[in-house]
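Counting begins at 1 with the first residue of the sequence. Atoms within a ligand are numbered from 1 in the order they appear, just like the ligands themselves.
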Amino acid sequence: MFLSKYEEKVLSGYFGDKLAKLMKTLVKVGESLGARELVEVRHVHVSGVSIFNIGVSGAEFIRDLADSGLKFSVFTTANPYSVTYTDYLGREFGRELKELQDVVVSSLIKLGVNTFTCAPYYVRRPNKGEHLAWAESNAVLYANSLAGARTNREGGPLTLIAGILGRTYKAGVHLDENRQASVYAVIHRPSRVAEAAAAGYLLGVKVPTQVPYVRGLGGLPEEYLRAFLAAYGATSNSPLAVIEGITPDYERLGRKALEGGEKVGVDLSEVLSLLRKSAEEVTGRVLYVVGCPHLSTRELEYLVSRILGKLPEGVEMGNKELWLVTGTYVKVPKELEGKLSKRGVKVVRGACPVVSRLSALGVDYVITDSAKALHYLPKLAGVKVLLMDRGDLIKHFMGEVK
Ligand code: F3S
């Protein structure tokens with residue numbers, strides 16, 4: 001691999017053994033993926049933060065890195081952590097896990113992370129053509145497909161290295177030739193956000209590895225596109241979907257797919273088969289989850305005002321609770337939290353319901369507007385899941401419909 005003079009110096013140990021070791025790992029990974037050089041990155045997004053995913057050895061690795069005195073050299077954000085360790089009756093469980101999770105979070109803060117969210121594009125929106133090293137599939141797809149930035153779907157350890165060295169290997173979708181779409185996908189134009197999410201989910205099943213050129217989403221608001229991409233990232237491995245009329249340079253990137261690529265479609269009946277309007281089948285303790293991926297400040301404010309405007313304080317919510325999930329950068333006044341909690345609503349900041357043990361918290365069923373959560377929650381959180389459009393979900397939570 002060709003290295004700059006500075007990179008050679010790091011590799012040779014001129015700046016110390018710890019940096020040399022990290023550089024050696026990065027170069028090895030890059031060479032194994034065919035990279036000819038490294039590339040400087042402007043923003044790193046770290047994943048592998050939940051203690052349920054990384055376990056004791058992962059927590060110790062991050063702690064040792066932080067204790068070694070190294071720091072991130074570029075702007076770095078991190079994915080959310082596990083939710084809470086108190087069940088519905090207020091009983092604590094898994095104290096050691098909580099302590100380990102705290103170690104992970106404090107170690108990442110020591111390394112230089114100041115925000116925990118899976119929507120890092122709301123903290124710093126990437127620029128077109130900028131190189132990044134991001135983990136977290138929804139964020140990667142947003143960066144590549146909506147902002148025209150360049151990032152592979154990185155793994156947690158590699159993002160830690162990239163954050164410290166400020167570089168990643170130049171391969172995958174950092175290179176022009178790997179950004180060309182090869183499959184032509186026609187999506188039934190969604191009329192609600194949850195339909196866009198369901199379409200993304202279904203497209204990922206049909207196009208699990210290639211880059212698709214997607215027709216049917218042009219001109220839709222960003223919330224539709226974000227829901228589509230988050231769901232697509234759950235069922236596919238692709239870091240990029242070229243969306244007609246949206247993705248920067250979409251005409252150039254889609255030419256090959258339009259001229260002779262395999263053609264796939266997602267029709268309305270498939271989409272509607274994933275969505276529910278009623279929750280008749282739901283039993284037991286129900287958790288409503290909105291914010292997978294994390295809500296923006298604007299979305300959160302809208303939901304809060306809608307709920308406070310309609311739901312009287314102290315109303316009997318029975319077996320249900322609503323989580324509005326967002327990043328740690330979003331500030332929520334204590335007084336507002338109190339008002340919401342009297343209505344069965346919790347603003348969950350910096351955490352991810354999917355990587356938490358919801359079944360251990362006493363949840364039986366989750367109703368969500370996230371097709372990504374629909375995909376992962378049964379496996380990871382041990383609960384049943386129902387997909388509903390956000391508007392229907394809120395009405396249902398507030399008892400306006402059955
Ligand atoms: Fe974010 Fe967790 Fe969903 S990381 S996208 S809330 S699965």
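- No heavy atom of Ala230 sits closer than 4.0 Å to any atom of ligand 1.
- A ring-centre distance under 6.0 Å is not found for Tyr232 and Tyr201.
- When the heavy atoms of Ser370, Ser137, Cys352 are ranked by distance to atom 2 (Fe) of ligand 1, first place goes to Cys352.
- Those atoms of ligand 1 with a heavy atom of Lys372 less than 4.0 angstrom away are 5 (S), 7 (S).
- Taking every heavy atom of Pro293 and a limit of under 4.0 angstrom, the matching atoms of ligand 1 come to 5 (S).
- A salt bridge links Lys372 with Glu136: at least one charged nitrogen is closer than 4.0 Å to a carboxylate oxygen.
- At the top of the distance list for atom 3 (Fe) of ligand 1, counting protein heavy atoms only, stands Cys292 SG, 2.3 Å.
- Ligand-side atoms of ligand 1 in range of Pro80: 4 (S), range being under 4.0 angstrom from any heavy atom.
- Of the protein's non-hydrogen atoms, the one nearest atom 1 (Fe) of ligand 1 is Cys118 SG, 2.3 Å.
- A salt bridge between Lys21 and Asp17 is absent, with no side-chain N of the basic residue lying under 4.0 Å from a carboxylate O of the acidic one.
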Inset, instruction - Under the ring pair (Phe, Tyr, Trp, His ring centres under 6.0 Å) rule, what do Tyr288 and Tyr365 come out as? Steps first, then yes or no, please. - result: CA-CA 8 Å; Tyr288 292 73; Tyr365 236 111; over 10 Å; no
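- With respect to Val207, the side chain to side chain contact (heavy atoms under 4.5 Å, CB included) criterion is satisfied by exactly one of Asn237, Val183, Val266: Val183.
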Inset, instruction - Output, in order, the C-alpha distance, side-chain angles, deciding distance and verdict of salt bridge (charged side-chain N to carboxylate O under 4.0 Å, His left out) for Arg167 and Glu7. - result: CA-CA 10 Å; Arg167 283 158 173 72; Glu7 290 157 358; 2.6 Å; yes
